[in-house]
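Remember, it's 1-based here, ligands and their atoms both numbered in the order they're listed.
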Amino acid sequence: MLLEYRLVELPLLSPFTTSFGTQTVRRALIFELRSNGVTAYSECVTDEEPHYSYEDNYTALHIIRDHLVKLVSDLPKPEEFLRRASAIKGHNMAKAALEMLLWDYHAKLENKPLYKFLGETKGYADVGISIGMDEPKNMVERVGEALNKGYKRVKVKIAKGKELKIVEAIRSAYPDAPLSVDANCDYTLSDFHILKALDQFHLLYIEQPLEHDDLIHHSKLAKLISTPICLDESITSTEKCKKAFEIGAARVVNIKPGRVAGLFPSLEIAKIARSFGGHVWVGGMLETGVGRSFNISFASLSLVDYPGDTSPNEKYFEKDIVLNPFKMVNGRITPNHGAGIGIEVDYERLERVTKTRGTLLEVVQT
Ligand code: OSB
Ligand code: MG
């Protein structure tokens, strides 16, 4: 058995700007496990900067190398791995990287596609797009292109002081488009009057307006505005999800398996949200084709009822590290039918974009 990692660097086709900064490259940790004739993969959703959360590529690699790898030497089922890892506080993205690797591994051992292995499936994912901040006129253009391509929902990034111009411009060009905004934590409760002004634009929801770990002020905000609140950063566990719905802090959850320690907690979170009458969709972190295939498998579950940020590979990269990128047809993407995540890795491309690599675990079978 051999477990290796690589740090890869893929330039983004266009810069991606959120309220916390601009990203021009995706620097990702990719994991590859070989055992019992199976090759499994995963991707850690961390990046270079700890802006979205406190984790970055180096904290993730540290936690994986020094604390988590020893928990996977017998290749446990994902749920068992998380039980073992529960003594380690936080570091969900690091945990998710190994948790998802184990899902791919076990699905491949049983020769089943991951999306069928996870639960009841629609057989496809409804696809939305996340558009970065730019001059409002450029954002209107990007929204128009996305609608023409058939995206089922368009989300645009906003920041404090820029939101009204952006949303006004888009709404005057596309009055009825299924539109949402993502603030990535740029406001505080005392800014509620700005957020209230967005009510007139009948947005589907506003994503993570307040602090990254807040629930209480989101529940207060929910009583002051009519636009539904969708939580992203704040939902880091099943317990947080329960509390959010108990106090009315959210009506929608953006589930990113990487943020919540993997697919097993993602399933639990989706069930909790739906049991409260909430809605769920699958977010993204500009993943390469490796991470993307997990997101699309999860997004195809019947539990997931809203279109997510799971654009096809070509939105992000000129050339991804997989030979079978996803294609969007009529606003839908079909998950890969091959075993596990069903990707075919483009090893030539992977070699070219690898910056560093190393072995995490090597067990010689006797
Ligand atoms: O908040 O959803 C977010 C990208 C990086 C970090 C945070 C977020 C995003 C996106 C892009 O919105 C989603 C995607 O297309 O992968
Ligand atoms: Mg978000």
For ligand 1, does Asp232 get within less than 4.0 Å through its side chain, its backbone, both, or neither, judged by non-hydrogen atoms?
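For Asp232, the contact with ligand 1 is made by the side chain alone.
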So if I count the atoms of ligand 1 from 1 in the order they appear, which ones are less than 4.0 Å from some heavy atom of [X]?
X      : result
Glu207 : 2 (O)
Ser130 : 10 (C), 11 (C), 12 (O), 13 (C)
Lys157 : 1 (O), 2 (O), 3 (C), 8 (C), 9 (C), 10 (C), 12 (O)
Tyr52  : 7 (C)

Rounded to the nearest 0.5 Å, what's the gap from [atom1] on [X] to [atom2] on [Y]? Could you check?
X      : Y      : atom1 : atom2 : result
Leu203 : Glu163 : CG    : CD    : 11.0 Å
Phe298 : Ile255 : CZ    : CD1   : 4.5 Å
Lys122 : Tyr115 : NZ    : OH    : 12.5 Å

Nitrogen or oxygen atoms of [X] and ligand 1 under 3.5 Å apart:
X      : answer
Lys155 : yes
Leu286 : yes
Tyr316 : yes

Identify whether the distance between the nearest side-chain nitrogen and carboxylate oxygen of [X] and [Y] falls below 4.0 Å.
X      : Y      : answer
Glu110 : Lys112 : yes
Arg153 : Asp309 : yes
Lys155 : Asp182 : yes
Arg34  : Glu32  : yes
Glu239 : Lys242 : yes
Lys160 : Asp186 : no
Arg292 : Asp320 : no
Lys319 : Glu348 : no

Is the shortest distance from a heavy atom of Gln208 to ligand 1 less than 4.0 Å?
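For ligand 1, residue contact (heavy atoms, under 4.0 Å) with Gln208 is absent.
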contact_flag Gln23 ligand 1 heavy-atom lt 4.0 Å
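In this structure, Gln23 fails to qualify as a contact of ligand 1 - no heavy atom is under 4.0 Å.
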Give me the nearest non-hydrogen protein atom to atom 4 (C) of ligand 1 as residue plus atom name, then the distance to 0.1 Å.
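For atom 4 (C) of ligand 1, the nearest protein heavy atom is Phe16 CE2, 3.7 Å.
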Do me a favour and list the nearest non-hydrogen protein atom to atom 9 (C) of ligand 1 with residue, atom name and distance?
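Of every protein heavy atom, Gly284 O, 3.6 Å lies nearest to atom 9 (C) of ligand 1.
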What is the name of the N/O/S atom in [X] that sits closest to the Mg ion (ligand 2)?
X      : result
Glu207 : OE2
Asp232 : OD2
Asp182 : OD2

Candidate with minimal heavy-atom separation from atom 3 (C) of ligand 1, of Lys256, Arg259, Met285, Arg292
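Comparing heavy atoms across Lys256, Arg259, Met285, Arg292, the nearest one to atom 3 (C) of ligand 1 lies in Lys256.
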Could you work out, for atom 1 (O) of ligand 1, the closest of Asn184, Ile131, Thr18 by heavy-atom distance?
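Residue with the shortest heavy-atom distance to the ligand atom: Asn184.
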